[in-house]
Number of protein chains: 10
Amino acid sequence: MEESSRATAIRQLQDAKRSSGKSYNQIAEETGLTNVYVAQLLRRQAHLKPETVPKLRSALPQLTDDHIQEMMRPPMRSYDPRLIQEPSIYRLNEAVMHFGESIKEIINEEFGDGIMSAIDFYCSVDKVKGVDGKDRVVITFDGKYLPYTEQKVEHMASRRPSQES
Amino acid sequence: MEESSRATAIRQLQDAKRSSGKSYNQIAEETGLTNVYVAQLLRRQAHLKPETVPKLRSALPQLTDDHIQEMMRPPMRSYDPRLIQEPSIYRLNEAVMHFGESIKEIINEEFGDGIMSAIDFYCSVDKVKGVDGKDRVVITFDGKYLPYTEQKVEHMASRRPSQES
Amino acid sequence: MEESSRATAIRQLQDAKRSSGKSYNQIAEETGLTNVYVAQLLRRQAHLKPETVPKLRSALPQLTDDHIQEMMRPPMRSYDPRLIQEPSIYRLNEAVMHFGESIKEIINEEFGDGIMSAIDFYCSVDKVKGVDGKDRVVITFDGKYLPYTEQKVEHMASRRPSQES
Amino acid sequence: MEESSRATAIRQLQDAKRSSGKSYNQIAEETGLTNVYVAQLLRRQAHLKPETVPKLRSALPQLTDDHIQEMMRPPMRSYDPRLIQEPSIYRLNEAVMHFGESIKEIINEEFGDGIMSAIDFYCSVDKVKGVDGKDRVVITFDGKYLPYTEQKVEHMASRRPSQES
Amino acid sequence: MEESSRATAIRQLQDAKRSSGKSYNQIAEETGLTNVYVAQLLRRQAHLKPETVPKLRSALPQLTDDHIQEMMRPPMRSYDPRLIQEPSIYRLNEAVMHFGESIKEIINEEFGDGIMSAIDFYCSVDKVKGVDGKDRVVITFDGKYLPYTEQKVEHMASRRPSQES
Amino acid sequence: MEESSRATAIRQLQDAKRSSGKSYNQIAEETGLTNVYVAQLLRRQAHLKPETVPKLRSALPQLTDDHIQEMMRPPMRSYDPRLIQEPSIYRLNEAVMHFGESIKEIINEEFGDGIMSAIDFYCSVDKVKGVDGKDRVVITFDGKYLPYTEQKVEHMASRRPSQES
Amino acid sequence: MEESSRATAIRQLQDAKRSSGKSYNQIAEETGLTNVYVAQLLRRQAHLKPETVPKLRSALPQLTDDHIQEMMRPPMRSYDPRLIQEPSIYRLNEAVMHFGESIKEIINEEFGDGIMSAIDFYCSVDKVKGVDGKDRVVITFDGKYLPYTEQKVEHMASRRPSQES
Amino acid sequence: MEESSRATAIRQLQDAKRSSGKSYNQIAEETGLTNVYVAQLLRRQAHLKPETVPKLRSALPQLTDDHIQEMMRPPMRSYDPRLIQEPSIYRLNEAVMHFGESIKEIINEEFGDGIMSAIDFYCSVDKVKGVDGKDRVVITFDGKYLPYTEQKVEHMASRRPSQES
Amino acid sequence: MEESSRATAIRQLQDAKRSSGKSYNQIAEETGLTNVYVAQLLRRQAHLKPETVPKLRSALPQLTDDHIQEMMRPPMRSYDPRLIQEPSIYRLNEAVMHFGESIKEIINEEFGDGIMSAIDFYCSVDKVKGVDGKDRVVITFDGKYLPYTEQKVEHMASRRPSQES
Amino acid sequence: MEESSRATAIRQLQDAKRSSGKSYNQIAEETGLTNVYVAQLLRRQAHLKPETVPKLRSALPQLTDDHIQEMMRPPMRSYDPRLIQEPSIYRLNEAVMHFGESIKEIINEEFGDGIMSAIDFYCSVDKVKGVDGKDRVVITFDGKYLPYTEQKVEHMASRRPSQES
């Protein structure tokens, strides 16, 4: 139910984009968002902020008030696990899993004991020419560094002071 | 290899604690850390900060320089998937999975489109009396609220300015 | 069939809440229940007790007699396994699995050989300020301590006395 | 590591039993425990209580002080998932999964919205004659009925009174 | 197709029971069947025998000839694997998996090399008072003991006598 | 531990067979057992009966008293799940899964609501010539028909008479 | 789509059989096919050969031209993985997995390095009396022996002769 | 045990090849086998035929009598499921799964209702130049076409003539 | 939604082919494409290039403008994981997994550290006569060799020159 | 075996790095490779090219000839599936799976029907300052764009010209 109403919303958003004849890059240019973020918005994987509504409406006048309303609700983020069959998505997963330990160790060396946030996070897809003059796909993952906190009781605001275990 | 050297380290840390005769709560009291964090330190699931070394040494004089050295390296965090068989751990997982959507929706209502961090995060286990006078286990998860960023190109510091796709 | 009629019930309950314009916290305040429990009731993951009906009706006058009837039947508790993809739910699961052994050992030290019940159990989501003045999500799991029974035959009421194996 | 030291302990306990020449039923008779509980004790799946030590020592004089010490530590409960291949264990699982919904509904009808505890729980295996005079295996699961609590804030002892969300 | 026609049949049988206002225990009393078996019949997990038809009809006059016809066909037995999420069913599964090896060994000691049948099998759910006066759920599994046959060629009736490999 | 001692036993039994120079068929002929059962005995997947000991000893004089002792203990039956990769075993599994529903329906038509036992069960592998004169493998599964019991309370010997739920 | 049209076809074929009032065995007798093969044909798991059409039409006059047309198309063979829950099918799978290695080794001893084909394959279900006079289910798997080829280049017809790697 | 002795055999065979300094292609040339088959032989995934022994010995004089003996035993064929992580093997699997239905339909159109055998089967890896002059990997799968048999009782040699079900 | 509209498209393409009465091979001949590629096009697993439109239209005049439009959109490539149950597809998977390591090693020996591309890739199914005069299925996988790049910073066009980490 | 010798090699390479006291970034600077590639080399997930040997030797003089020899063999690429438990690696996987469809669609719009290669591929981890002055982790995936080939028979070099199916 939920699922199918979500699917309906996504299909309508995609139809709106298709009828606009614009690419994700063009909408990105007009709204000042990354191309990946625009695509996420139109697939209900991101949350539309109020101040961005006017720019998005002007880029995609096909969007109705209902669409905008829907896009402003925090989404339930998910994906079909069979996505991994798609060769272009598998290659990304392959890179992450094969390079994962190396990436983690470099983060530890350069930043400390922490991770790259996937929430305070930017992603874009770019097209560059390689040294051989051929097209290359460049995907940038840019996330805030989050250090692990040391769990000191004095810093734990939620802790009830007098009821020690 | 890595795995077994890690297992050796954990066993030695556990032995050090056992021979001290202290509980996690006692060590927590002496170090100012949460009881869960102490347990994580002694299982190599957390990172020992330099300023905490003296307190930990004084609480657990059995720890050698090698132990301290090891505990100060950022750990590779992991768990045995069969942990979920343990009834006390299964109950926690059951609560998370059955209450998960409700928790998410309340976060959205009270905070906005974001999540509770598991990195800037505190956890403690406490013992309280219920209204029927019986013991109750209280587990507190206290994590920083992380709002999803809107991915504006102008805020994406990593983006190469001139090489648009 | 069952599944879809359940989905229908949940959607109607959610619609009733939405049209009331109230948050889970507001309904919690008016009914004296935890915010998580209210959300569970409206997702058919908890059982509505007779004495709470009047308060819930007054908080959500949109609820029909059929809704109330449905909410008073013991639910079949379940969840979509893909929930774990949702970042806010994954973070909770990550904490449980990575901290699980530590939590178990502290329960053993402080209480004995037993577990935290997930049935005689309370859960709430709260908002506090951290020492840095930033918002933090506090999730409290509060369950009765259940000690493992020693299985003495004389205490096993169900055991047929004379027909020894 | 942990795993193999646990396996060693179990093997030694089994050896002690074997060299005693006694069956689980005989030890159960001498200790006043159920036969299943005795078997669990000797496989480190249950916790030996202090007052039972003398009876167990007298039933199994082969047990050393180290064995007793080990059996008095709260165990990490687990099982090999391939156990389910064993036909005698598969049949039990088959019954639980095929009859599960029916059992749940009868509990709801006769007791209310709650479950059978697997912690305050007794289990025994008995041998009876069927109406055709043939041997039958009778397995009894006897667990305390645990009603789901209604999560009223006033009953939630852990809740910080003044810091409402 | 099959699946949905089966689901329809089950829903109608459940409706018939609901409109009768009787519990599984009451129908069990009137038909001489165990309460679990009655519930299985009404979920198409068991086969209705001709001689039981009159008693069932008199207990549930709402049942039509079509229902009776359907219930007399050998069912395709199955279950939704997500049943295991339901806490009351999980607790049963937990008991079976954690106690499985012990149960098997006791069967071997008391009966020999064989298993408990899940086909020539009885199951009931009962309510008893514990020594503390509290309600307890008692689930009884009672299955015929089946010894493994030794595969002697002279006893293998299907074996073609003259065409040795 | 258990696992490796079992593996050792199996290897020794296989060595005994190899040094005898006999095939499973030859040992089957000498002992009166099916060829599959002999192979199961020598892989600790079947239980050696006392009256068969002399025949097996005479067929395989290499077997020591320890081997015989080990073979007379009820085995923990299991298999490596990766066995299904072996093409000869996969083909069997393929046949069972693809023909399964048809086999079940024919059993229902010809026998009633019941199953083929895998415990009171014989299995043999034979070599025959096909109509084209080529070798064919014939695998025979011959199991007792087990009808599902109707669970009448009066036939349930384990049921406590007076303590109705 | 495909899936549901296939399900429709199967249901219609099953209806045709049901309205004929004949068992699989009766149709097998009339068509000269094995009973399992008849059942496979009516579940679209086998391919109807032209010369068998008249016999099948005469055995099941309810079949329409469309049904016959559909049955003469090579099927996409498949099964619902949850079939394995059905006790009668699980028992077969249990036998295959527990006896698999033994069967493989006997094939190797008696035939050589090869397998039993599941394509040039016959299967039937028979009813015989055991030595105790009780009914037994006999399932016969009869497949052509396929030896592994040695991959000699001179025998590899597809190999391009002059373009060696 | 088995597993590790197999691993030892494979390592020794690989060492023999390495110390010969020959590639699989060179050994293939000298023995008349396909390159893939040579590699399978040296990994114990294929069976060495007696008449090929002299050629293999002359190509790899490092092989001892024990090695030859081992290679002449029918292997237990298997693979590590994590092989699929290797990009070169994943690409093959990707092609098979994405093209599978198309390949099946073409086989049906051109050959009939049957399959390509993986037993009477040849495989080779070749290097060719593409139209752009770049190297290409050509993998050839060449298997006997196996038509599904129609299961006529008169052709089923194993069927006991007089004991109809 | 997406999924079902895709299924509809595929069914219509298949219908168009069926009503043309042509085989994949015939359409391949007329369009100059491989037979597998034609089948992939008609199952929306490949992308129709503009210059091929006229040939495909002339081979399959049943195709409408909408069909052509749809076929010219880059497809989301996927497959039903249960495909592997189909014996003809399983045999291919079996070959890939059992021969995978050998194929990889030969690629390394003959080409270097790289893989066979599954993107710049050709596949065809052919029918040849074996040395025994019997039909054989030949499946050719022909992919560009892709060497792993050495990741030199000077060749990484995307790297921001001045902002070293 | 293979596995453990690989683990040994990796540990020795890591030890060599540790005793050098250099970070991955420093070695990257000295060798002209990306930091991720250096880390991959020292974990045997990449292939050392001959021309890079001198630079690597000078950066890590601890490396022996055996190490260099080992690093110049094409590796068997793999990873432990439990890596995904590590929070820093999970976040990457989360981003790939949640953003995957969007990334694919943008590639299709900007490049056509093709993918980003994971073989002709560069990866680096960089540290930048965000607009809020906080550290950010930037991970760059830079892969060659690979368009799907149209499978024209005339371009398929491997195709045998005269033996049409």
Side-chain angles (χ1 to χ4, degrees), chain E residues 25 28-29 31-38 40 46-49 51-52 72-77 101 104-105 107-109 112-115 117 119-128 137-138 140-144 146-160 163-165, chain F residues 25 28-29 31-38 40 46-49 51-52 72-76 101 104-105 107-109 112-115 117 119-129 137-138 140-144 146-160 163-165:
Chain E
N25 267 6
E29 198 97 354
T31 54
L33 303 170
T34 67
N35 50 12
V36 172
Y37 194 74
V38 169
Q40 295 288 91
H47 179 235
L48 178 61
K49 304 293 177 200
E51 64 274 21
T52 303
M72 293 178 74
R73 294 174 54 195
M76 177 65 79
R77 287 161 172 92
E101 270 190 272
K104 179 204 180 292
E105 285 180 25
I107 292 175
N108 288 161
E109 282 189 1
D113 184 40
I115 68 164
S117 176
I119 307 297
D120 185 336
F121 184 78
Y122 293 80
C123 182
S124 71
V125 177
D126 291 284
K127 190 179 190 172
V128 305
V137 183
V138 178
T140 309
F141 285 178
D142 168 338
K144 190 175 190 174
L146 299 182
Y148 281 97
T149 48
E150 191 182 27
Q151 302 187 13
K152 292 195 180 172
V153 173
E154 62 184 311
H155 292 170
M156 186 176 173
S158 62
R159 181 136 175 132
R160 280 150 298 98
Q163 199 170 1
E164 290 304 292
S165 60
Chain F
N25 268 5
E29 197 97 355
T31 55
L33 302 168
T34 67
N35 50 13
V36 172
Y37 194 76
V38 170
Q40 295 288 89
H47 180 236
L48 179 61
K49 305 293 176 200
E51 64 273 22
T52 304
M72 293 179 74
R73 293 176 53 199
M76 178 63 81
E101 269 189 274
K104 179 205 179 291
E105 285 181 23
I107 292 175
N108 287 162
E109 283 188 1
D113 184 41
I115 68 163
S117 176
I119 307 299
D120 184 336
F121 183 79
Y122 293 80
C123 182
S124 71
V125 176
D126 291 285
K127 190 179 192 171
V128 305
K129 288 282 179 216
V137 182
V138 178
T140 308
F141 284 178
D142 168 339
K144 190 176 190 172
L146 300 181
Y148 281 98
T149 48
E150 191 182 28
Q151 302 186 15
K152 292 195 181 170
V153 172
E154 64 184 308
H155 292 170
M156 187 176 172
S158 61
R159 180 130 176 139
R160 282 153 294 100
Q163 200 170 4
E164 290 305 291
S165 60

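Sequence lines set the chain letters: A, B, ... in the order given, protein chains first and strands last, and positions in each chain run from 1.
Between the NZ atom of K49(E) and the NZ atom of K152(F) there is a distance of 10.0 Å, given to the nearest 0.5 Å. One finds the CZ atom of F121(F) at 7.0 Å from the CD atom of Q151(E) (value rounded to the nearest 0.5 Å).
Using a 4.5 Å heavy-atom threshold, the side chains of M76(F) and N108(E) count as separate. The closest side-chain heavy-atom distance from M156(F) to Y37(E) is not below 4.5 Å. Taking the side chain as every heavy atom from C-beta outward, K144(F) and T149(E) never approach each other to under 4.5 Å.
In this structure, chain F has no heavy atom under 4.5 Å from any part of E109(E). The contact between I115(E) and chain F is made entirely by side chain atoms (from C-beta outward), counting heavy-atom distances below 4.5 Å. Using a 4.5 Å cut-off between heavy atoms, P147(F) contacts chain E through its backbone alone, with no side-chain atom that close.
For T52(F), the side-chain hydrogen bond (donor to acceptor under 3.5 Å, both in side chains) test picks out E150(E), with sequence neighbours left out.
The nearest pair of heavy atoms linking A157(F) to D142(E) is N-OD2, 4.0 Å.
By number of non-hydrogen pairs under 4.5 angstrom with chain F, the leading residue of Q40(E), H47(E), R77(E) is R77(E).
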